Amino acid sequence: MGRKVVANNKKAFHDYLIIEKFNAGLVLTGTEIKSIRKGAINLKDGFAKIEDNEAWLYNVHINPYEQGNRYNPDPERKRKLLLNKNEILKMLGKVKKEKYTIVPLSVYLENGWAKIEIALAKGKQLHDKREAIAKKTADREIARNIKIR
């Protein structure tokens, strides 16, 4: 089996400058994996924190599974991320020292397991966002002119 992307966080690429990416496993309970397989997950406002040398994912909304029962977990509960100790310590150092943020980029299924791609990111200023938008529009114009010729 391959890698099937279930959800992307387009807002992260707009609001942050991505420094370094990591892949982590997700600790899920009950029917959450069924909801993820259906694509019922929202990463838009999500972020990760490191507490007591463990990585936790916050504000990621996983819709309750319709065929689930009353034991469906809270859609916005915090979820543990499965990372190597060295990766956690590396991220912790960068977050404390260089004021980086840990943001989720995408959720994907790999061999039946739900995994998440997270990144160390630095927030963009307003002028950086405008500069990125101007560059994209210029690239589009160039591509359009090349296509016409």
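Everything quoted here is computed from the prediction, not taken from an experiment.
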> Run the side-chain contact (heavy atoms from CB on, under 4.5 Å) check on E54 and I88 step by step: do they pass?
Replying inline: CA-CA 7 Å; E54 292 181 337; I88 291 174; 5.6 Å; no
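- The shortest distance between side-chain heavy atoms of V60 and I41 falls below 4.5 Å.
- Between Y65 atom OH and E32 atom CD the span is 13.5 Å, to the nearest 0.5 Å.
- Annotation: cation-pi pair K78/W56 present, NZ/CZ under 6.0 Å from the ring centroid and within 45° of its normal.
- Taking OH of Y108 as the reference point, atom CG of L26 lies at 9.5 Å (rounded to 0.5 Å).
- The ring-ring contact (aromatic ring centres under 6.0 Å, His included) test applied to F47 returns Y58, not counting sequence neighbours.
- Hydrophobic clustering, with ILVMFWY side chains joined whenever heavy atoms are under 4.5 angstrom apart, keeps V103 apart from L57.
- Criterion: ILVMFWY side-chain heavy atoms under 4.5 Å apart, direct or through other members. Under it, I62 and L109 are part of a common hydrophobic cluster.
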Expected list for residues 4-19: side-chain donor-acceptor pairs under 3.5 angstrom, two or more places apart:
unit_1: N9; atom_1: OD1; unit_2: K11; atom_2: N; d: 3.4
unit_1: N9; atom_1: OD1; unit_2: A12; atom_2: N; d: 3.4
unit_1: N9; atom_1: ND2; unit_2: L43; atom_2: O; d: 3.2
unit_1: N9; atom_1: ND2; unit_2: P104; atom_2: O; d: 2.9
unit_1: D15; atom_1: OD1; unit_2: K129; atom_2: NZ; d: 3.4

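- Tracing side-chain contacts under 4.5 Å through hydrophobic residues (I, L, V, M, F, W, Y), one reaches L28 starting from L83; they form part of the same cluster.
- Using a cutoff of 4.0 Å between basic side-chain nitrogens and carboxylate oxygens, K80 and E51 are not scored as salt-bridged.
- In this structure, the separation between NZ on K21 and CG on N23 is 9.5 Å, given to the nearest 0.5 Å.
- With hydrophobic clusters built from ILVMFWY side chains whose heavy atoms lie under 4.5 angstrom apart, F22 shares a cluster with V107.
- More than 12 heavy-atom neighbours from other residues, nucleotides or ligands sit within 6.0 angstrom of NZ on K124.
- Contact annotation: the side chain of N59 approaches that of E76 to within less than 4.5 Å [non-hydrogen atoms, C-beta and beyond].
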Q: Kindly indicate, with the supporting measurements, whether the criterion side-chain contact (heavy atoms from CB on, under 4.5 Å) is fulfilled by K99 and K94.
A: CA-CA 7 Å; K99 305 290 187 209; K94 296 232 178 174; over 6 Å; no
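- Within 6.0 Å of atom CD in E131, 12 or fewer heavy atoms from other residues, nucleotides or ligands are found, so the atom counts as exposed in its surroundings.
- Considering every non-hydrogen atom in both M91 and I102, the closest pair reads SD-CD1, 3.9 Å.
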Given K90 and E87, is the salt bridge (charged side-chain N to carboxylate O under 4.0 Å, His left out) satisfied, shown in steps?
CA-CA 5 Å; K90 183 177 184 179; E87 292 174 330; over 6 Å; no
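- With no hydrogens or angles considered, a side-chain donor-acceptor pair links N63 and H61 at under 3.5 Å.
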Return a table of donor-acceptor pairs under 3.5 angstrom between the side chains of residues 112-122 and protein atoms on other chains or two or more places apart.
unit_1: E117; atom_1: OE1; unit_2: S106; atom_2: OG; d: 3.4
unit_1: K122; atom_1: NZ; unit_2: E98; atom_2: O; d: 3.1

**Report entry** Worked check of side-chain contact (heavy atoms from CB on, under 4.5 Å) between I142 and N145
**Finding:** CA-CA 5 Å; I142 291 169; N145 289 337; 5.8 Å; no
